[in-house]
Amino acid sequence: MLILGRIMLGVGIGFGNQGVPLYLSEMAPAHLRGALNMMFQLATTLGIFTANMINYGTQNINPWGWRLSLGLAAAPALLMTVGGLLLPETPNSLIERGRSEEGRRVLERIRGTADVDAEFTDMTEASELANTIENPFRNILERRNRPQLVMAVCMPAFQILTGINSILFYAPVLFQTMGFGADASLYSSVITGAVLCLSTLISIGTVDRLGRRKLLISGGIQMIVCQVIVAVILGVKFGTDKQLSRSYSIAVVLVICLFVMAFGWSWGPLGWTVPSEIFPLETRSAGQSITVAVNLFFTFVIAQAFLSLLCAFKFGIFLFFAGWITVMTVFVYIFLPETKGVPIEEMVLLWRKHWFWKKVMPDMPLEDGWGAGDGERVDDKNHS
C-alpha cells in the first residue's frame, strides 16, 4: 500500500508540476508574469519546510507518529483539489476549445478592464493555429520550435545539475560536526529551508524589474564561488580524523547558506518559470511535459549517483557541480533571450531576433503575415 501510494503521489506531483506553472503563466499579465509564476516555487519551498517540521514533531509519537505525518499530507492535497474546482479556466484554454465569449469574460475579469482587444486578438490567432496541430509532440521537434525545445531540456537539467540536492544532503553532516548532534537534520532543514524561502521572496520582488537573465547569471556566479570555496575548505582543512574543526564547519555552513540563497533567487524558481512562458500555445502543454520529465529524470539520476560520485571525487564533487554551473551560466549568457515583459503569445519573436536562434529557425511563410525571420510584420512593411 505504501508503494502504491508513493506511485500515485508521484503521478500527482507530475500533474502539479505540469499544470501549475502553465496556469500561472497564462493567467498573469506580462509585466507581473515572472513574480506570479515564482509563487509556485515559494509554495514548494514552504511546503518542504512545513513537511520537515511536521516530521520532526511527529517522530517521537509512538507508535503512530509516522501515520500522522503521512496522513497530514492529505490536507494540502485536499486544498489543491478544492482550489482547482473553484479556479476559472485560463482564457487561452477556453478560446482554444471554442468558448471565445467566456474566454473574453475571464480575460476582462483577471485584467480588471474591458480594454483587452489586442491581447484577446493575439490569443484568438494563437488558438486558431493551435487547433490545426494534431500532434504537439511531433510538432515540437520541428525546426521552428527548436529553441524552445532546447530550453525545455536544458533549463530543468541544469537546475538539478547545480547540485542543490547534494548540498542539502551534505548539510546535516556539517551541522553534526558543529555539535548539534541528533538535532543536526532538524537545524539543517530549518536553516536551509528558511534561506530558500527568503531568497525566493527576493526573486519575486526583482524578476520583473531586473529580468530573468540577470538573476540567472548572477545567481550562477555566486553558486560557482560558493562551490569552489567549499571544495577548497574540505580539500585543505579536512583532518586525518575525517572531521572539520568547528570554526571551518561554521564557515562551510555559511557558504552553503549563500549557495542555497543564490539558487533560491535564480535557478530554483526560474528553472520552472522560463520554460513555462516560452512556448506557443500549440506546443505549450507538450513543452511543459518535457520540462517536468527532464527535471524528474535528472533528480533521479543525481540521487542514485551522488554517493558513488562522492566516494570517487570526495571534495571534488563540489568542483564537479561548479563546472556544470559554469556551463549553464555561459549557456544563459549566449543562448537565452530576455523574456521580461514580453506577452506570452509574442514570445516567438524573441527567437527570430536572437543572433543565434534566427539562424536555426526557418523563414516564416508570408501568408502568416510575417517577414523572413526579422520579427517584423509584412503588412507593417507595406505601410511604412
Side-chain angles (χ1 to χ4, degrees), residues 13 15-49 76 79-80 82-96 103-113 115-116 118-120 122-123 126 148 151-152 155-156 159 196-216 219 263-281 284-285 287-288 291-292 295 336-347 350:
I13 290 174
F15 285 167
N17 288 345
Q18 160 76 7
V20 175
L22 282 186
Y23 184 87
L24 294 174
S25 288
E26 291 188 352
M27 294 291 277
H31 68 285
L32 294 176
R33 187 176 60 240
L36 291 177
N37 204 304
M38 285 181 177
M39 294 294 183
F40 172 68
Q41 174 72 6
L42 179 63
T44 301
T45 56
L46 285 173
I48 294 172
F49 179 77
L79 180 63
M80 186 173 181
V82 174
L85 294 174
L86 298 177
L87 290 172
E89 287 282 359
T90 68
N92 305 73
S93 176
L94 291 170
I95 295 170
E96 187 179 8
R104 185 182 178 94
R105 287 196 298 271
V106 172
L107 183 61
E108 291 177 354
R109 187 163 75 248
I110 62 177
R111 296 294 183 261
T113 177
D115 185 18
V116 295
E119 187 174 5
F120 181 75
D122 286 342
M123 289 183 178
Q148 298 97 317
M151 295 300 163
M155 292 298 291
Q159 183 188 52
L196 200 55
C197 290
L198 292 174
S199 58
T200 304
L201 290 174
I202 295 173
S203 184
I204 291 173
T206 59
V207 65
D208 288 311
R209 184 159 46 89
L210 299 179
R212 282 68 160 156
R213 280 170 51 87
K214 287 183 179 179
L215 291 182
L216 287 168
F263 178 84
W265 54 259
S266 60
W267 280 91
L270 288 170
W272 293 106
T273 298
V274 171
S276 71
E277 65 183 3
I278 61 175
F279 282 94
L281 183 59
R284 195 168 294 157
S285 60
Q288 186 67 13
T291 298
V292 174
N295 181 281
L336 180 65
E338 181 54 66
T339 60
K340 177 187 70 172
V342 180
I344 196 168
E345 284 77 24
E346 299 177 11
M347 202 66 69
L350 287 181

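Quick caveat: nothing in here was measured; it's all calculated off a predicted structure.
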Novice: Between Q159 and G271, what is the shortest heavy-atom contact and its length?
Specialist: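 Closest approach of Q159 to G271: NE2-CA, 3.8 Å.
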Novice: Ignoring hydrogens and geometry, is there a side-chain-to-backbone donor-acceptor pair from Q18 to V292 under 3.5 Å?
Specialist: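 Side chain of Q18 to backbone of V292: no pair is present.
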Novice: Please step through side-chain contact (heavy atoms from CB on, under 4.5 Å) for the pair R104 and I95, ending with a clear verdict.
Specialist: CA-CA 8 Å; R104 185 182 178 94; I95 295 170; over 6 Å; no
Novice: Which residue, N17, V274, T291, forms the side-chain contact (heavy atoms from CB on, under 4.5 Å) with P156?
Specialist: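 It is T291, the one option of N17, V274, T291 that forms the side-chain contact (heavy atoms from CB on, under 4.5 Å) with P156.
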Novice: If every non-hydrogen atom of A152 is compared with every non-hydrogen atom of F279, which pair is closest and at what distance?
Specialist: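 Minimum heavy-atom contact is CB-CZ, 3.5 Å.
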Novice: Let me confirm one number: the CZ-CD distance from F263 to Q41, rounded to the nearest 0.5 Å.
Specialist: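 Atom-to-atom, F263:CZ and Q41:CD are 6.0 Å apart.
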Novice: Please report the interatomic distance CD1(I110) to CZ(R105), rounded to the nearest 0.5 Å.
Specialist: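 Reported value, rounded in 0.5 Å steps: 13.5 Å.
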Novice: Test side-chain contact (heavy atoms from CB on, under 4.5 Å) on D208 and M38 and set out the steps.
Specialist: CA-CA 11 Å; D208 288 311; M38 285 181 177; over 6 Å; no
Novice: Begin from the C-alpha positions of R109 and T113 and carry the test side-chain contact (heavy atoms from CB on, under 4.5 Å) through to its verdict.
Specialist: CA-CA 7 Å; R109 187 163 75 248; T113 177; over 6 Å; no
Novice: Are side-chain heavy atoms of M155 and W272 found at a separation under 4.5 Å?
Specialist: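 No, their side chains stay 4.5 Å or more apart.
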Novice: Step by step, work out the side-chain contact (heavy atoms from CB on, under 4.5 Å) result for I204 and M39.
Specialist: CA-CA 8 Å; I204 291 173; M39 294 294 183; 3.9 Å; yes
Novice: Any side-chain heavy atom of L350 sitting closer than 4.5 Å to one from V342?
Specialist: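 The answer is yes; the side chains approach within 4.5 Å.
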Novice: From F120 CZ over to L107 CG, what is the distance, rounded to the nearest 0.5 angstrom?
Specialist: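 If we round to the nearest 0.5 Å, F120:CZ and L107:CG are 8.0 Å apart.
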Novice: For S203 and P269, work out which heavy atoms get closest and say how close.
Specialist: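 S203 and P269 have their closest heavy atoms at OG-CG, 3.8 Å.
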Novice: Taking all non-hydrogen atoms of both residues, which atom of P280 and which atom of Q148 are closest, and how far apart?
Specialist: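 Looking at all heavy atoms of both residues, the closest pair is CD-NE2, 3.6 Å.
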Novice: Could you pull out the closest heavy-atom pair between G219 and S266, with the gap in Å?
Specialist: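 Shortest heavy-atom contact: CA-OG, 3.7 Å.
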Novice: How many angstroms lie between atom CE of M27 and atom CG of L32, to the nearest 0.5 angstrom?
Specialist: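 So the CE of M27 and the CG of L32 are separated by 13.5 Å.
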Novice: To check you understand the geometry: which heavy-atom pair defines the closest contact between T45 and L42, and what is its length?
Specialist: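 Result for this residue pair: OG1-O, 2.8 Å.
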Novice: Between CG of L215 and OG1 of T206, what distance do you get to the nearest 0.5 Å?
Specialist: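 These two atoms lie 4.5 Å from each other.
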Novice: Applying side-chain hydrogen bond (donor to acceptor under 3.5 Å, both in side chains), which residue pairs with at least one partner in residues 23-34 are found, sequence neighbours left out?
Specialist: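 Non-adjacent pairs meeting side-chain hydrogen bond (donor to acceptor under 3.5 Å, both in side chains): S25-N37, S25-S276, E26-T90, E26-R284, R33-E277.
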Novice: Enter the distance from L210:CG to K340:NZ here, rounded to the nearest 0.5 Å.
Specialist: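 Rounded to the nearest 0.5 Å, the CG-NZ separation comes to 7.5 Å.
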Novice: Report the residue from L201, T200, L196 that forms a side-chain contact (heavy atoms from CB on, under 4.5 Å) with L198.
Specialist: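 Going through L201, T200, L196 one by one, the side-chain contact (heavy atoms from CB on, under 4.5 Å) with L198 is satisfied by L201 alone.
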